[in-house]
Q: 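The structure under discussion is supplied below as structure tokens; questions concerning it will follow.
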Amino acid sequence: MDGNDDNRSEDSFSTAPDRDNTINSSPLLPHERLSLEQKLRRIILIQQNDKSYHQALCDIRDQVSISVLLEPSFYGRHSKTSVLSSISHRLCDQLYFEHRLKVNGICDTFVEFSLARRDRTLCSLVEAISLVLEIDISELNINSKCESQRNFTGRPLTKDQMVHLGKIAILQGKLHDRLIYDNICKDIQHMSSKLSSKFKNEENSGTVVLNMAPNSKSGFDAIDPYFKVTTAIVNWH
């Protein structure tokens, strides 16, 4: 997740209201840190089409979303790699031109991060994780000081390299959740909660029944008119 800036970055998202470059951060909870450590101890290195490979494919198919970290893919199609461990424009370019593999259903964390803070200034994946999850950046660097974080072409990978890739891939998933639910969709969640609790304090059950009827518009005031919802009313069954 590295974004390319341009000479229009200062005007980016200029139409967005109250542009203040702030972002809601949320530290990892104790159980999330424990889960991270447990997962890092269970890293499986797959180097061939064997039982572990097929089991991994089965596991991936069961997931709603996956976090993919590809190193080295810094220059997209101009790099060759076999290490699959942040979905971004570079990864898509590399996979398409090297393997003719088109990736769909992408949520680029750099795009999410830019939308959340309403800015397109440069920020690395590690920096974004550090900011949003409130993790000291020293915790995200590769343990061995004598190894470059981009030196992943050699084989076999060292333990430090595998742990680093695994940690960043897992935390990128957490970053995605925080950006979507705590930032980008925060207003939508607030309105949804307000609509769901509309009748909570209503004591007259008869009124509640009428207001919950299929054709009732009661509670629609919870939807902010700023979003200018103009589509026809649909009854959900």
Side-chain angles (χ1 to χ4, degrees), residues 1-6 9 12-13 21-29 32-33 35-37 39-40 43 60 63-96 98 103-145 147-153 157-158 160-185:
M1 179 196 116
D2 286 307
N4 287 327
D5 202 5
D6 56 34
S9 62
S12 64
F13 303 99
N21 297 81
T22 59
I23 194 167
N24 291 323
S25 62
S26 177
L28 287 179
L29 299 173
E32 290 179 306
R33 281 190 171 273
S35 176
L36 173 62
E37 294 303 321
K39 290 175 181 176
L40 292 178
I43 289 177
I60 289 174
Q63 306 306 312
V64 175
S65 63
I66 61 172
S67 179
V68 180
L69 189 65
L70 199 67
E71 293 283 0
S73 63
F74 192 76
Y75 293 105
R77 74 193 71 172
H78 302 290
S79 301
K80 292 184 180 296
T81 180
S82 62
V83 181
L84 186 61
S85 111
S86 311
I87 292 183
S88 69
H89 52 287
R90 288 173 177 155
L91 169 60
C92 295
D93 183 272
Q94 207 271 351
L95 289 178
Y96 181 78
E98 287 294 332
V103 182
N104 294 314
I106 302 165
C107 286
D108 191 311
T109 45
F110 175 71
V111 174
E112 295 172 351
F113 187 72
S114 298
L115 286 174
R117 64 175 182 170
R118 299 170 183 170
D119 200 334
R120 291 184 302 179
T121 52
L122 293 170
C123 185
S124 70
L125 174 58
V126 169
E127 290 171 337
I129 290 174
S130 175
L131 175 63
V132 176
L133 300 181
E134 300 182 15
I135 300 176
D136 193 292
I137 204 163
S138 62
E139 292 186 46
L140 304 174
N141 292 330
I142 197 166
N143 292 333
S144 178
K145 295 182 179 180
E147 292 184 90
S148 168
Q149 291 190 20
R150 292 180 180 169
N151 183 25
F152 292 89
T153 56
L157 293 175
T158 67
D160 285 338
Q161 287 175 319
M162 288 190 291
V163 170
H164 171 75
L165 290 174
K167 178 184 291 186
I168 299 303
I170 293 171
L171 291 178
Q172 183 181 232
K174 298 291 184 182
L175 173 67
H176 165 76
D177 290 343
R178 297 292 205 276
L179 290 174
I180 292 295
Y181 300 115
D182 293 347
N183 288 273
I184 297 174
C185 293

Q: Checking Asn24 now: which residues fulfil side-chain contact (heavy atoms from CB on, under 4.5 Å) with it, not counting sequence neighbours?
A: Asn183, Lys186

Q: At their closest point, which heavy atom of Cys123 faces which heavy atom of Ala128, and how far apart are they?
A: SG-N, 3.6 Å

Q: Look up atom CD1 in Ile129 and atom CD1 in Ile168, then write down how far apart they are to the nearest 0.5 Å.
A: 4.5 Å

Q: Give the C-alpha distance, both sets of side-chain angles, the deciding distance and a yes or no for side chain to side chain contact (heavy atoms under 4.5 Å, CB included) between Ile23 and Leu179.
A: CA-CA 9 Å; Ile23 194 167; Leu179 290 174; 3.6 Å; yes

Q: Sequence neighbours excluded, which residues qualify as salt bridge (Lys or Arg N to Asp or Glu O under 4.0 Å) partners of Glu32?
A: Lys174, Arg178

Q: Does Ser130 use its side chain to pair, donor to acceptor, with the backbone of Asp136 at less than 3.5 Å?
A: no

Q: Counting C-beta onward and ignoring hydrogens, is there a side-chain heavy-atom pair between His176 and Ser67 closer than 4.5 Å?
A: no

Q: Got a second to check how far Leu125's CG is from Phe110's CZ, nearest 0.5 Å?
A: 11.5 Å

Q: If you take all heavy atoms of Gln161 and Ile142, which pair is closest and at what distance?
A: CG-CD1, 3.7 Å

Q: Begin from the C-alpha positions of Val132 and Asp182 and carry the test side chain to side chain contact (heavy atoms under 4.5 Å, CB included) through to its verdict.
A: CA-CA 10 Å; Val132 176; Asp182 293 347; over 6 Å; no

Q: Arg33 vs Ile135, test: side chain to side chain contact (heavy atoms under 4.5 Å, CB included). Steps then yes/no.
A: CA-CA 11 Å; Arg33 281 190 171 273; Ile135 300 176; 4.0 Å; yes

Q: Could I get the full list of side-chain contact (heavy atoms from CB on, under 4.5 Å) partners for Leu40, not counting sequence neighbours?
A: Leu36, Ile43, Val163, Lys167, Ile170

Q: What is the distance from atom OG of Ser35 to atom CG of Leu29, rounded to the nearest 0.5 Å?
A: 11.5 Å

Q: Can you sort out the partners of Ser25 under side-chain hydrogen bond (donor to acceptor under 3.5 Å, both in side chains), two or more places apart, ordered by chain and number?
A: Glu134

Q: Calculate, to the nearest 0.5 Å, the distance between atoms CG and CD1 belonging to Leu131 and Ile137 respectively.
A: 10.0 Å

Q: Out of curiosity, Thr121 OG1 to Phe113 CZ, how far, rounded to the nearest 0.5 Å?
A: 7.5 Å

